[in-house]
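Since the structure comes first, as C-alpha cells, the remarks are kept for the end.
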Amino acid sequence: MSPTQTRPRQYWLLKTEPQTFSIDDLRRAPKQTTPWDGVRNYQARNILRDAMAVGDGVLIYHSCAKPLAIVGRAEVTSDSYPDPSQFDPQNPYFDGAATAQNPRWFARDITFVEAFKRPVLRDVLAHLPQCADLPLLRRGSRLSVQPVAHAAWGLILALSEG
DNA sequence: GCCAACGTTGGC
DNA sequence: GCCAACGTTGGC
C-alpha cells in the first residue's frame, strides 16, 4: 500500500481466460502476486498505466469459461511499469516498435485477496441495474481492463458472500 | 465451431 | 484522413 494515496479507492475488473491464468493461479503465485502484463489495447493500457493506483480493488472475471463469472478479488500492489514482454522477441507479446526509452505497453502487479465462495455469474450480473454500466455486459465489448462503479463493487461483494 | 463486434493496419 | 481488409475477442 502506498502511504501517500491521494484519492479515494477505485475499483476495476480484469478479464482472464482461466485456461491461461485463473484465480487459482493467482492464489498460488509467489507472494500471491502476479504482473498483469500482455495487455495490448490502448484503452486498457491507459487505465493500467494512468488510472489505477496502489490499493485499488480488482475483480477477477473468467472469460471463455463455464460458468462465465467474477470469481474473486485482488488488489493493485504496484505502480505501473513498462511491460517487459514487449521487449522480448521470443514473447508472443513482443512489440518491435517499443523501446526502453519509449515503452508502449505497461503492467502492474496485482495481489490475491480472495476467491469467492460463490462466484458471481455473468447471467446474474446481467439482471442487476447497478451493473448496467459495466463494459463487461455491453454487447461486443472487448475491454479487458475496465472500471467498476462503487455501487456495483459493493453489490458484487455482497452477492459473493451469498 | 460460429460469427458479430471491435480495433488495427495499410493502401490510396 | 478515409475506409476496406484483416485479425482478434469472446459470448453463444
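Per chain, numbering begins at 1; letters A, B, ... match sequence-line order.
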**Request:** Specify the separation, in whole Å, of atom NZ of A:Lys66 and atom P of B:dG1.
**Result:** 14 Å

**Message:** Tell me the interatomic distance from A:Leu137, atom CG, to C:dG10, atom C1', rounded to whole angstroms.
**Reply:** 13 Å

**Asked** Rounded to whole angstrom units, what separation is found between the CG atom of A:Leu125 and the P atom of C:dG11?
**Response** 12 Å

**Message:** For A:Gln32, is there any backbone N or O sitting under 3.5 Å from a side-chain donor or acceptor partner on A:Arg27?
**Reply:** no

**Request:** Return no unless some side-chain N or O of A:Arg142 is found under 4.0 Å from OP1 or OP2 of B:dC6.
**Result:** no

**Message:** With a 4.0 Å cutoff (strictly under), does any side-chain N or O of A:Tyr93 reach OP1 or OP2 of C:dT8?
**Reply:** no

**Prompt:** Which nucleotide, B:dG7, C:dG10, C:dG11, lies nearest any side-chain atom of A:Asn41?
**Reply:** B:dG7

**Item:** Atom-pair distance (OH on A:Tyr61; C1' on C:dG11), nearest Å
**Value:** 8 Å

**Prompt:** Does C:dG10 have OP1 or OP2 sitting under 4.0 Å from an N or O in the side chain of A:Lys15?
**Reply:** yes

**Message:** For a salt bridge (Lys or Arg N to Asp or Glu O under 4.0 Å) check, start with the C-alpha distance between A:Arg7 and A:Asp56, then their side-chain angles and the critical distance, and finish with the verdict.
**Reply:** CA-CA 10 Å; A:Arg7 64 154 178 58; A:Asp56 281 357; 2.6 Å; yes

**Request:** Would you kindly give the CD-to-C1' distance between A:Gln146 and B:dG7, to the nearest whole Å?
**Result:** 16 Å

**Fill in**
Students should find that the hydrophobic cluster of A:Leu121, defined by side-chain heavy atoms under 4.5 Å apart, otherwise consists of A:Tyr11, A:Leu13, A:Leu59, A:Tyr61, A:Leu68, A:Ile70, A:Phe116, A:Val120, A:Val124, A:Leu125, A:Leu128, A:Leu134, A:Leu136, A:Leu137, A:Val148, A:Trp153, A:Leu155, A:Ile156, A:Leu157, A:Leu159

**Request:** Would you verify whether the NZ or CZ of A:Arg45 falls within 45 degrees of the ring axis of A:Phe106 while also being under 6.0 Å from that six-membered ring's centre?
**Result:** no

**Item:** Distance, rounded to the nearest Å, where A:Leu121 contributes CG and C:dG11 contributes P
**Value:** 13 Å

**Prompt:** Choosing from C:dT9, B:dT8, C:dC12, which nucleotide comes nearest the side chain of A:Tyr42?
**Reply:** B:dT8

**Asked** Salt bridge between A:Lys31 and A:Asp109, side-chain N to carboxylate O under 4.0 Å?
**Response** no

**Rounded distance (Å) that lies between atom P of C:dG10 and atom CD1 of A:Ile70** = 14 Å

**Item:** Interatomic distance where CD belongs to A:Gln43 and C1' belongs to B:dA5 [whole Å]
**Value:** 14 Å

**Prompt:** Has A:Arg139 got a side-chain N or O lying under 4.0 Å from the OP1 or OP2 atom of C:dG11?
**Reply:** no

